[in-house]
Protein chains: 2
Amino acid sequence: MSAKASVAPDKAERMPPRERILAVAADLFYRHGIRAVGVDAIAETAGTNKMTLYRHFASKDELVAEYLRQSAKGEAACWERLNAQHPGDALAQLRAWLKEMFGHVVSRDERGCPLANAAVELPEKDHPARRVIEECKSATRDKVIALCRAAGLKEPELLADELGLMLEGARVTAQSVGIDGLGARLDRMSEALIAAHAPK
Amino acid sequence: MSAKASVAPDKAERMPPRERILAVAADLFYRHGIRAVGVDAIAETAGTNKMTLYRHFASKDELVAEYLRQSAKGEAACWERLNAQHPGDALAQLRAWLKEMFGHVVSRDERGCPLANAAVELPEKDHPARRVIEECKSATRDKVIALCRAAGLKEPELLADELGLMLEGARVTAQSVGIDGLGARLDRMSEALIAAHAPK
DNA sequence: ATATAATGTTACTTACCAGTAACACAACAT
DNA sequence: ATGTTGTGTTACTGGTAAGTAACATTATAT
């Protein structure tokens, strides 16, 4: 039991095959890139075989799409959690979202946004993953705009884009260069942006 | 002569093989992704063969690194051009750089920053492309910081990061969702950021 | 005209890839 | 007990990947 399951160390065996495959695929796709991971490796790491994989997923492309759907679902769950933690306080939700995202950026073993990375890796316009990516990114933008507006901030669309682009830029930049002090700078930047849109 | 050379339609034949290969590789890598393009396709599209390719490049990874070196060289040339167009005027150079970059973002057939995309596609820390990416990105950041400082703007490091992250975010976001009106919004955002750092 | 260097050609190796067929085994419900 | 369903196993197809060897051809320089 050396370096076996990096996803669910112990109870991986108890999960049904489909969940194991999806969890392993998500981990490998995210860490090594989608094109760099073959279905054989996924099946083997998930402790099963290629046939079972293809009984649950029509193709590798569909597995990729499902991986991204899971990622998008995670984002949606994040919004609900923030809403529960700061009910009725849009500004607090916005700040909590930024704080959580900044945590991702500066974390070790972080490789950026799974959806944005997939968009880079899969330029084919008819790939089933493309729909998922676009829908999730649009939904996120709408959500941030709504929060900015509910918080009474001026020009909510512009502010949402400022924050969203800065965050997306930080996630991709963190893959190219070091992240020393980036977290603190992100905090300052976002607060400056929010302050610049404060109601007069 | 249907859809033959998308890089140098006519004089592709006159360029020496090494340059043809590099030009074709750059085009294919950028449009389809690095892992999606094989050396056979590159050689064939360049009107040559795999042997000649391997006589000029030690491996595909080295060809990739050279492709990114070319891209980085293009960025360096851009800085010199801007310096020549606005000698001594750091603020004008900064604005011209932003304008040029925004043009890339909102252009059709644009697929983001070649270096950032490569960083997403090649997570292996020992890949020869990694050095090129990190050096170019660091150099760009230093250059923008220097311009902000020379322009007398407050907190040049912070402003440079704000602009740089926004730009990087825009380039990656443009690959996921539409770019309607993004150019105009980028103009407003960058001007707001610069204004926020204006000397008192 | 001839030596030399660069390029082209063919064929090959080794390895991986996505996807499928046929069959064996286990669990579980009736 | 038996049938069904899900899973495991092996082996396979056809295609593509990176990289190399041996040899033929062309161009250039002297």
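Throughout, a chain's letter reflects where its sequence line sits, starting with A, and its residues are numbered from 1. Keep in mind it's a predicted model, so treat the numbers as computed, not measured.
Nucleotides of DNA chain C nearest to B/Arg55 and A/Met51 differ in position, and the one nearer the 5' end is that of B/Arg55.
Checked for salt-bridge contact, A/Arg188 and B/Glu155 meet the test: a charged N lies under 4.0 Å from a carboxylate O. A salt bridge links B/Glu168 to B/Lys137: at least one charged side-chain nitrogen sits closer than 4.0 Å to a carboxylate oxygen.
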Can you give each donor-acceptor pair under 3.5 Å made by side-chain atoms of residues 117-125 of chain A, sequence neighbours left out, with the distance rounded to 0.1 Å?
{"from": "A/Asn117", "atom 1": "OD1", "to": "A/Gln175", "atom 2": "NE2", "distance (Å)": "3.4"}
{"from": "A/Asn117", "atom 1": "ND2", "to": "A/Arg111", "atom 2": "O", "distance (Å)": "2.6"}
{"from": "A/Glu121", "atom 1": "OE1", "to": "A/Ile34", "atom 2": "N", "distance (Å)": "2.7"}
{"from": "A/Glu121", "atom 1": "OE2", "to": "A/Ile34", "atom 2": "N", "distance (Å)": "3.2"}
{"from": "A/Glu121", "atom 1": "OE2", "to": "A/Arg35", "atom 2": "N", "distance (Å)": "3.2"}
{"from": "A/Glu124", "atom 1": "OE2", "to": "A/Arg35", "atom 2": "NH1", "distance (Å)": "3.4"}

Under 3.5 Å, which donor-acceptor pairs link side chains of residues 64-71 of chain B to any protein atom two or more places apart or in another chain?
{"from": "B/Glu66", "atom 1": "OE1", "to": "B/Arg69", "atom 2": "NH1", "distance (Å)": "2.5"}

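One interatomic measurement links the two molecules: CG of B/Asp40 to C1' of D/dG15, which rounds to 12 Å at whole-angstrom precision. Between the CG atom of A/Leu53 and the P atom of D/dT9 there is a distance of 15 Å, given to the nearest Å. As rounded to whole Å, 12 Å separates atom C1' of D/dA17 from atom CZ of B/Arg35. Between the P atom of D/dA17 and the CD atom of B/Glu44 lies a distance of 11 Å, rounded to the nearest Å. A/Phe57 places its CZ atom 16 Å from the C1' atom of C/dA18, with the value rounded to the nearest Å. Going from atom NZ of A/Lys50 over to atom P of C/dC23 covers 19 Å, rounded to whole Å. Put simply, CD1 on A/Ile34 is 15 Å from P on C/dC17, counting in whole angstrom units. A/Tyr54 has its OH atom 17 Å from the C1' atom of D/dT10, to the nearest Å.
Between B/Thr52 and C/dT7 there is no side-chain polar atom (N or O) within less than 4.0 angstrom of OP1 or OP2. At C/dA6, none of the side-chain N or O atoms of B/His56 fall inside 4.0 Å of OP1 or OP2 (strictly under the cut-off). Between D/dG8 and A/Thr48, a contact under 4.0 Å exists linking OP1 or OP2 to a side-chain N or O.
How far SG of A/Cys148 is from CG of A/Leu163: 5.5 Å, rounded to the nearest 0.5 Å.
The base of C/dG19 lies outside donor-acceptor range of the side chain of A/Lys60, with no N or O pair under 3.5 Å.
Closest to the side chain of B/Asn49, out of D/dG8, C/dT9, C/dA18, is C/dT9.
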